[in-house]
Visitor: 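Before I ask anything, let me first share the structure, which is written out below as structure tokens.
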Protein chains: 2
Amino acid sequence: MQYQEAKDKFISTWGSLGSLWGINKAMAQIQALLFISTKPLSMEDIMHDLKISRGNTSMNLRQLMDWGIVTKVLVSGERKEFFTTEKDVQELARIVAKERSRREIKPVIKVLDEVSSIENDGTEKTKELIKQTKALKELSDDLDTLMNKLVNQKQNWLTKSVFKLIK
Amino acid sequence: MQYQEAKDKFISTWGSLGSLWGINKAMAQIQALLFISTKPLSMEDIMHDLKISRGNTSMNLRQLMDWGIVTKVLVSGERKEFFTTEKDVQELARIVAKERSRREIKPVIKVLDEVSSIENDGTEKTKELIKQTKALKELSDDLDTLMNKLVNQKQNWLTKSVFKLIK
DNA sequence: TTAAACTTTCAGTAATTATTGAAAGTTAAA
DNA sequence: TTTAACTTTCAATAATTACTGAAAGTTTAA
């Protein structure tokens, strides 16, 4: 396998993975492209490389910046804007975990909390609803806390401490 | 908030969460409905409660069974089939984690492995591709292993051991 | 067997989501 | 200022994904 083939394979795999995670294809592909690029890329570079439109590129770059995964960089002597992504995988994981917690997990926990707090009228079905949503809420809380803890351990959090403790 | 409102809220929240996780809305809603039901439900029950077609119900029940989250139960004296879902949240989490690992994470790791194993021709861009995909592969491997370890600890794996160790 | 009760399949259609491209907006060099 | 270089926005459209309902398939009671 040669460079170009490997690059295409990486970008397309990363792209389709993205859609499974609530990130759209173009967004994931732009991130992948920047991730393996040796230097910041302009919007022009990106749209040509991925064969997507200017509008699409602009919108998805913006979303990546909202996520905090991509940043603008100024290249001296150049009028146009260049973009780069976080290159450290651990830091990347940290950002993604934090954002997913904020955008998805926290709101669900809130709803579970509301639902499990309804008045118990003593009927079977109400008891079951309360019991099950409460259990789900507690699990979600624990997982969210664990994820945030893991992710806040700076440097090698995975391979060091945690990882070994579990055996 | 009364029972019916709480139930609807739970089902619709769970449904929209599902789509963020690569599970479609109907599939997640069926699971939610079964999860808070006090007894197994028939296809008829489900389609009426969620207001979805017979075909849709059938297809999504099948997928839930493929995931191992829902099972058929025989109700004596009844001709039709009834369905129930795993009621224990920990066990549910275990199944979901295992399936996601198998369906999504493992295949990506395989591609990352292939891509990071291309011949190093010494160019900058090849070196960068190899370095970055290798880092990604290692992180994915670690996360996958961690997830599977966590998930195989029977009984209260979260709140017990792991959770406290990390502080 | 047969036929009623039930489930699955799948072509057609609806709903949702992503993408384009051109016009409007912004910036900074001349 | 003006204007050329560049970016953003957004209505129209394309692509994808989910859903329906009726026909075909299966099972079991009589």
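Proteins come first, then strands; the chains are lettered A, B, ... in the order of their sequence lines, and each starts at number 1.
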Visitor: Using only atom types and a distance under 3.5 Å, with no angle test, would you say the side chain of B/Asn148 pairs donor to acceptor with the backbone of B/Asp144?
Guide: yes
Visitor: Write down the protein N/O and nucleotide N/O pairs, taken from nucleotides 28-30 of chain C, whose separation is under 3.5 Å; answer none if there are no such pairs.
Guide:
none

Visitor: Does any donor atom in the side chain of B/Asp121 or B/Thr126 lie under 3.5 Å from an acceptor atom in the other side chain?
Guide: yes
Visitor: Is it the case that over 12 heavy atoms from other parts of the model lie below 6.0 angstrom from the NZ atom of B/Lys87?
Guide: yes
Visitor: With distance as the sole criterion, is a donor-acceptor pair present between the side chains of B/Gln31 and B/Trp14 under 3.5 Å?
Guide: yes
Visitor: Specify the residues of residues 37-52 of chain A, ordered by number, for which at least one heavy atom lies under 4.0 angstrom from an atom of DNA chain D.
Guide: A/Met43
Visitor: Using a strict cut-off of less than 4.0 Å between a Lys/Arg side-chain nitrogen and an Asp/Glu carboxylate oxygen, indicate whether B/Lys9 and B/Glu5 qualify as a salt bridge.
Guide: no
Visitor: Of all nucleotides in DNA chain D with an atom under 4.0 Å from a non-hydrogen atom of chain A, which is the first and which the last going 5' to 3'?
Guide: D/dA4 to D/dC10
Visitor: Could you walk me through whether B/Glu124 and A/Thr38 pass side-chain hydrogen bond (donor to acceptor under 3.5 Å, both in side chains), step by step?
Guide: CA-CA 7 Å; B/Glu124 274 306 307; A/Thr38 53; 6.0 Å; no
Visitor: Please determine, by modelled atom types, if B/Asp45 and B/Ser42 share a side-chain donor-acceptor pair under 3.5 angstrom.
Guide: yes
Visitor: For B/Asn56 and C/dA15, give me the distance from atom CG to atom C1', rounded to whole Å.
Guide: 13 Å
Visitor: Checking all strands, does B/Arg54 fall into the base, sugar-phosphate, or nothing category for heavy-atom contacts under 4.0 angstrom?
Guide: base
Visitor: List in numerical order all residues of residues 63-75 of chain A for which some heavy atom is under 4.0 Å away from an atom belonging to DNA chain D.
Guide: none
Visitor: Tell me whether A/Lys7 is salt-bridged to A/Asp49, with the criterion being a basic N under 4.0 Å from an acidic carboxylate O.
Guide: yes
Visitor: Quick test of your reading: applying side chain to side chain donor-acceptor pair (under 3.5 Å), list the pairs with at least one residue in residues 55-68 of chain B, sequence neighbours left out, ordered by first then second residue.
Guide: B/Asn24-B/Asn60
Visitor: With nearest nucleotide decided by heavy atoms, which residue, A/Lys25 or B/Thr57, maps closer to the 5′ end of DNA chain D?
Guide: A/Lys25
Visitor: So A/Lys25 and A/Ser16, side-chain hydrogen bond (donor to acceptor under 3.5 Å, both in side chains) or not? Walk me through it.
Guide: CA-CA 6 Å; A/Lys25 200 179 66 175; A/Ser16 51; over 6 Å; no
Visitor: Using side chain to side chain contact (heavy atoms under 4.5 Å, CB included) as the criterion, list what pairs up with B/Lys131, not counting sequence neighbours.
Guide: B/Glu128
Visitor: With a 4.5 Å cut-off on side-chain heavy atoms, are A/Leu41 and A/Phe83 touching?
Guide: no
Visitor: Establish, with yes or no, whether the OP1 or OP2 oxygen of C/dT19 is under 4.0 angstrom from a side-chain nitrogen or oxygen of A/Asn24.
Guide: yes
Visitor: Any chance you could lay out the salt bridge (charged side-chain N to carboxylate O under 4.0 Å, His left out) test for A/Lys110 and A/Glu114, step after step, and finish with the verdict?
Guide: CA-CA 6 Å; A/Lys110 187 161 165 287; A/Glu114 289 164 21; 3.3 Å; yes
